[in-house]
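One structure is given below, encoded as structure tokens.
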Amino acid sequence: MDDRGPDRTHSLLWIGAVLMVTAAVYSPALMFGFITDDRTLLASVPVWSVASIPRFFAHHYWAFITTSDNVTATYYRPILLLFDFVSYRALGASVLAWHALAILLHLVVTYLVYRMALALAADEVVALSSALLFGLHPVHAEVVSWVSGISESLTAALIIAAFLCWTRRRSLAALSLYCLALLTKETAVMFPVVLLVFAMQSDRLTKAVRSISPFLLVTVAYLVVRHVVLGGVMNSLMATPVHVLLLTCPSLALFYVQHFVWPVHLSYIYPLNLQSALTVKILMATLMVACVFFVSFRTARFATCWAALFLLPVFYVSGLTNLGIVHDRYLYLPSAGLCIVCGIAFGRLFASNRRFAVAAGTIVMALLASLTVAECRPWRDETALFRRVLELSPDDRRATVPLALALARDGDCTEAEPLAERALSGGEDATLRVALGTCYISQSRLAEADDQFQRAIALKPHFVTARLMLALIRVSEQRFPDADDQLNAIAAAHGTQWPGFHLIRGRVLESRQDWTGAKAEFRAELAVNPGSAEAQNHLDSLERREGQQ
């Protein structure tokens, strides 16, 4: 492509239009809330400081985000932690700003897909159609609509940028970006293999290996550091026999192919289980995936390898959580290759029958845009999200428990109570006990709420939320020393930067007529939780008292 004059301006106008359409389609996500892991992250990040940054590189990812003592050290993502820290310093706890950041990152990756397709095909039509498909594809709803999905888009941006630098012989820049991507998400480890496949299109194997040797050395160093920090290169969260892993792979591959081709009824959790026996369904899945791979490979060899190689790490299901062995977000980086395959196919159609190609492409993109808007809606809040899960998998405990919690948090106890009680009949759960206790508080059933929180603490001694709620009951009963004991237990184990902590301590200090200390606590609460109307009211009341005196 000629980068000069009108042609360059024309190209910029078209890709600008693609990005504007993509932004418009995802703009409703700006009104969405924080859900699931977002809440945990935003509750943890206020206590981080510049002094914490070196520790990001010496501990596993969840060491800074969860209070649980039973988390397996599986993820090593210091750059993601650093990105979260810097973003919080810039954006605070503004839900609008965080969602705007998620959309902005998706736009950056969409532009990089355009540049990647242009580098591979040297065709403006292929590049624009690839970028538009990537930008509007509904399977990306999870990544763009969910703040915690930023890990996928950030990794994709770094990897594609590294690839573009490498194709322009900017090896040092490519290597630096690859290092950042490795420390953002584990999927990036496949990048040297992708580069090897690309290099072998024009060079012999020995020369290709030599050209990517710096990336191989960085990968080895990363694996060594990972082993030292995590105590293993690939720690498992669940035991999976090799034969089960192999038998499950065809179903996983078919799932991702189906969701790219027919992205409807998407969800946060899917009822796809491990396979332990060879069945006709597995054989059919293998045949279908093989056919799709063959057609795709014949259309665009490297782009197909890109998709397959970056999808390969998710087949290690032993490293996945109990939230399921498949997730649409895992398709984000691989789908860049698949979108380019489709873009190349569209380019050929456009060359042979321009009018039909434009009409068909317009219809497909309009359909995808409407589907994306629809598939984003369940991500607006946790109630909608887990209702969608239960539509696909009724009575799935993985959705029943968080739905009960979300309903209780929203004050919808009429539905939350029976749902929580039904879930508890299948096994104890400390978070469900807290949900029930929260509902009982709203109904002024303090004795029953007290019992629920006590049982939650017995199940999970360091459960911060349960102890905070118990302290709140103690304050309402004017048992201030007992409330202080709960707060001291939280502070000793997990620090004081928790929403509600300083509010309750301020109430305790008020009972002692320590007005100065109480005001300091209410101000501290507003720093952690700026939306706390109760803390603001107490602070205003104390300041009026001081003014009157």
Would you say L539 and L526 make side-chain contact, with heavy atoms under 4.5 Å? yes
S94 side chain vs L91 backbone, donor-acceptor pair below 3.5 Å: no
Derivation of the side chain to side chain contact (heavy atoms under 4.5 Å, CB included) call for L230 and Y75: CA-CA 8 Å; L230 304 183; Y75 305 133; over 6 Å; no
Taking I35's backbone N and O only, do any of them form a donor-acceptor pair with D38's side chain (distance below 3.5 Å, no angle check)? yes
Might you work through the salt bridge (Lys or Arg N to Asp or Glu O under 4.0 Å) test for R433 and E428, ending with a clear yes or no? CA-CA 8 Å; R433 293 292 177 191; E428 276 290 358; 2.7 Å; yes
Parallel, tilted or perpendicular: which one describes the rings of H140 and F134, with boundaries at 30° and 60°? tilted
Hey, could you give me the CZ/OG distance between R329 and S335, rounded to the nearest 0.5 Å? 14.5 Å
So do the side chains of I282 and T279 get within less than 4.5 Å of each other, counting heavy atoms only? yes
Run the side chain to side chain contact (heavy atoms under 4.5 Å, CB included) test on T496 and I490 for me, step by step, so that the C-alpha distance in whole Å, both residues' side-chain angles and the decisive distance to 0.1 Å come before the verdict. CA-CA 7 Å; T496 64; I490 295 170; over 6 Å; no
The reported gap from CD in E152 to CG in L333 (rounded to nearest 0.5 angstrom) is 8.0 Å
From L472 CG over to I504 CD1, what is the distance, rounded to the nearest 0.5 angstrom? 5.0 Å
Please confirm whether the backbone N or O of L136 pairs with a side-chain atom of T372, one donor and one acceptor, at under 3.5 Å? yes
Ignoring hydrogens and angles, tell me if any N or O in the side chain of E375 forms a donor-acceptor pair with the backbone of L266 under 3.5 Å. yes
N488 and R467 side chains, donor-acceptor separation under 3.5 Å: no
Do you know the tightest heavy-atom contact between V373 and V25? CG2-O, 3.8 Å
Can you see whether T74 engages W62 through a side-chain donor-acceptor pair at a distance of less than 3.5 angstrom? no
Is it true that W48 and Y88 have ring centroids separated by less than 6.0 Å? no
Given side chains that start at C-beta, do those of I65 and L81 come closer than 4.5 Å, heavy atoms only? yes
For the residue pair E142 and D328, what are the closest heavy atoms and their distance? OE1-N, 3.4 Å
Quick one: do D451 and R455 satisfy salt bridge (Lys or Arg N to Asp or Glu O under 4.0 Å)? Show the steps, please. CA-CA 6 Å; D451 177 62; R455 294 170 75 171; 3.6 Å; yes
Contact check, side chains of L132 and M365, non-hydrogen atoms, under 4.5 Å: yes
With sequence neighbours left out, the residues meeting ring-ring contact (aromatic ring centres under 6.0 Å, His included) with F260 are H137
So that I can tick it off, tell me whether R512 and D484 are bridged by a salt bridge, with the cut-off set at under 4.0 angstrom between side-chain N and carboxylate O. yes
Do you know which two heavy atoms are closest between P418 and C413, and how far apart they sit? CD-O, 4.2 Å
Closest heavy-atom contact between L436 and L424? CD1-CD1, 3.5 Å
Are D396 and R398 within salt-bridge range, i.e. N to O under 4.0 Å? yes
Can you find a heavy atom in the side chain of V144 that is under 4.5 Å from one in the side chain of S153? no
List the steps and the verdict of salt bridge (Lys or Arg N to Asp or Glu O under 4.0 Å) for R507 and E534. CA-CA 11 Å; R507 297 282 302 278; E534 189 174 358; 3.4 Å; yes
Test of ring centre spacing under 6.0 Å for W146 and F32: no
Decide side chain to side chain contact (heavy atoms under 4.5 Å, CB included) for L252 and V314; before the verdict, give the C-alpha distance in whole Å, the side-chain angles of both, and the deciding distance to 0.1 Å. CA-CA 9 Å; L252 297 179; V314 306; 6.0 Å; no
Given the side-chain rings of H502 and F522, with only the six-membered ring counted for Trp, is the space between their centroids under 6.0 Å? no
For M31, is there any backbone N or O sitting under 3.5 Å from a side-chain donor or acceptor partner on H99? no
Donor on one side chain, acceptor on other, D482 and Q486, under 3.5 Å: no
Quick one: does F57's side chain get under 4.5 Å of I79's, heavy atoms only? yes
What about the rings of Y332 and H106, do their centers lie closer together than 6.0 Å? yes
Stepwise, does the side chain to side chain contact (heavy atoms under 4.5 Å, CB included) test hold for T155 with F310? CA-CA 11 Å; T155 305; F310 278 121; over 6 Å; no
Could E382 and R409 be called an ion pair, given the rule that one side-chain N must be under 4.0 Å from one carboxylate O? yes
Between the CG atom in L158 and the CG atom in L183, the distance rounded to the nearest 0.5 Å is 10.0 Å
Should S276 and L247 count as side-chain neighbours, where that means a heavy-atom distance under 4.5 Å? no
Rounded to the nearest 0.5 Å, what separation is found between the CG atom of L446 and the CZ atom of F453? 9.5 Å
Taking all non-hydrogen atoms of both residues, which atom of L311 and which atom of L331 are closest, and how far apart? CD1-CD1, 4.3 Å
L101 side chain reached by F83 side chain, heavy atoms, under 4.5 Å: yes
Is it true that a side-chain atom of S393 and a backbone atom of V389 form a donor plus acceptor pair closer than 3.5 Å? no
For S476 and I473, indicate whether the former's side chain and the latter's backbone hold a donor-acceptor pair under 3.5 Å. yes
Donor + acceptor pair across side chains of T383, D410 (<3.5 Å): yes
I'd like to know if the side chain of R397 and the backbone of A423 have a donor-acceptor N/O pair within less than 3.5 Å. yes
Would you say Q275's side chain and N273's backbone share a donor-acceptor pair under 3.5 angstrom? yes
Yes or no on salt bridge (Lys or Arg N to Asp or Glu O under 4.0 Å) for D450 and R445, after CA distance, side-chain angles and deciding distance? CA-CA 9 Å; D450 189 293; R445 297 158 61 183; over 6 Å; no
Examine distances only and state if a side-chain atom of E186 and a backbone atom of Y76 form a donor-acceptor pair shorter than 3.5 Å. yes
Residues K519, E543: salt bridge by 4.0 Å N-O rule: no
Which heavy-atom pair separates L432 from A404 by the least distance, and what is that distance? CD2-CB, 3.8 Å
Assess the pair Y256 and H259: is the distance between their ring centroids shorter than 6.0 Å? no
When rounded to the nearest 0.5 Å, the distance separating CG of L403 from CG of L419 is 5.0 Å
Can you tell me if H265 and Y270 form a side-chain donor-acceptor pair at under 3.5 Å? no
